[in-house]
Amino acid sequence: MTKEKYLDQLKQRLHGLPDTEINDALDYYDGYISDAEGGEEEAVAALGSPGEAAAHILANYVTSGRRSKSKAKNLKAVWSVILAVFAIPVGLPVAAAVAVVAVALLISLFAVIISFWAGGAAAVFAGVVYALMSVVVMTKDAAYALLIAGMGFAGAGIGILMFLAANAMFGRGLKVISKFVGKVILKSGKKIHNVKKTA
């Protein structure tokens, strides 16, 4: 395979990364192939397939802490790593296991977040109902109306805190899951690479 074809396939497999990361990776591999002794084809063959290189680059990116602050981009990076490993024939069993674990972790994360959102919505709704009840009760007993209003505002405040906690858990949870997926793939990639060297 020629250098241009290798770099083109590598670029296609890195589509989940920011442009600067893609360009840095392409520059590195371009320089490596150009500076290697023994010719271009031999250097390309020594690197492994573009899929293997992409899986390694994506896993390094996910575990490096340079991820985007955007939750959607972090989620896209996790799936890009998993899909890149599926592109490697030797990594298929590893990718399947990582994908199952990642999906299970994401489902658990979403379940916890949805429960916090539902609890927060219920608390805010109850707070509004209590605040409205205090207006009705105000004509009969002012002290009791203030107590009900206070309970309503406290409930609404707790609901808002639950929403904020769910959003924070979502962002942090995605980072933890993406880091876990990246580390597992990096470890399996090193094992696969070591097996190739000894073969």
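Quick caveat: nothing in here was measured; it's all calculated off a predicted structure. The analysis underlying the following values was restricted to heavy atoms, covering all of them including side chains, and did not include hydrogens, waters or symmetry mates.
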When you look at OH of Y29, are more than 12 heavy atoms from neighbouring residues, nucleotides or ligands closer to it than 6.0 Å?
yes
Around atom CZ of F163, are there more than 12 heavy atoms of other residues, nucleotides or ligands at under 6.0 Å?
yes
Are M151 and V129 linked, directly or through other ILVMFWY residues, by side chains that come within less than 4.5 angstrom of each other?
yes
Taking all heavy atoms of V136 and all of T139, pick out the closest pair and write down the distance.
O-OG1, 3.4 Å
If you group Ile, Leu, Val, Met, Phe, Trp and Tyr by side-chain heavy-atom gaps below 4.5 Å, do F153 and V128 land in one group?
no
What closest approach, in Å, do D30 and L7 show between heavy atoms, and which atom pair accounts for it?
CB-CD1, 3.9 Å
Quiz: residues 111-127 side-chain donor-acceptor pairs under 3.5 angstrom, not counting sequence neighbours:
unit_1, atom_1, unit_2, atom_2, d
S115, OG, A111, O, 3.4
S115, OG, V112, O, 2.6

With a 4.5 Å cut-off on side-chain heavy-atom distances among I, L, V, M, F, W and Y, is there a chain of contacts connecting L147 to V137?
yes
Say you draw a straight line from CE of M169 to CG of N167; how long is it, rounded to the nearest 0.5 Å?
9.0 Å
Quick one: are the ring centres of F170 and F110 less than 6.0 Å apart?
yes
hydrophobic_cluster_shared for Y130 and Y144, side chain cutoff 4.5 Å:
yes
Does V135 belong to the same Ile/Leu/Val/Met/Phe/Trp/Tyr cluster as M133, with side-chain heavy atoms less than 4.5 Å apart forming each link?
no
Is the count of non-hydrogen atoms from other residues, nucleotides or ligands lying under 6.0 Å from K11 atom NZ greater than 12?
no
Looking only at heavy atoms, the pair that brings V44 and I33 closest together is CG2-CD1, 3.8 Å
Can you tell me how far apart CG (L10) and NZ (K3) are? Round to the nearest 0.5 Å.
13.0 Å
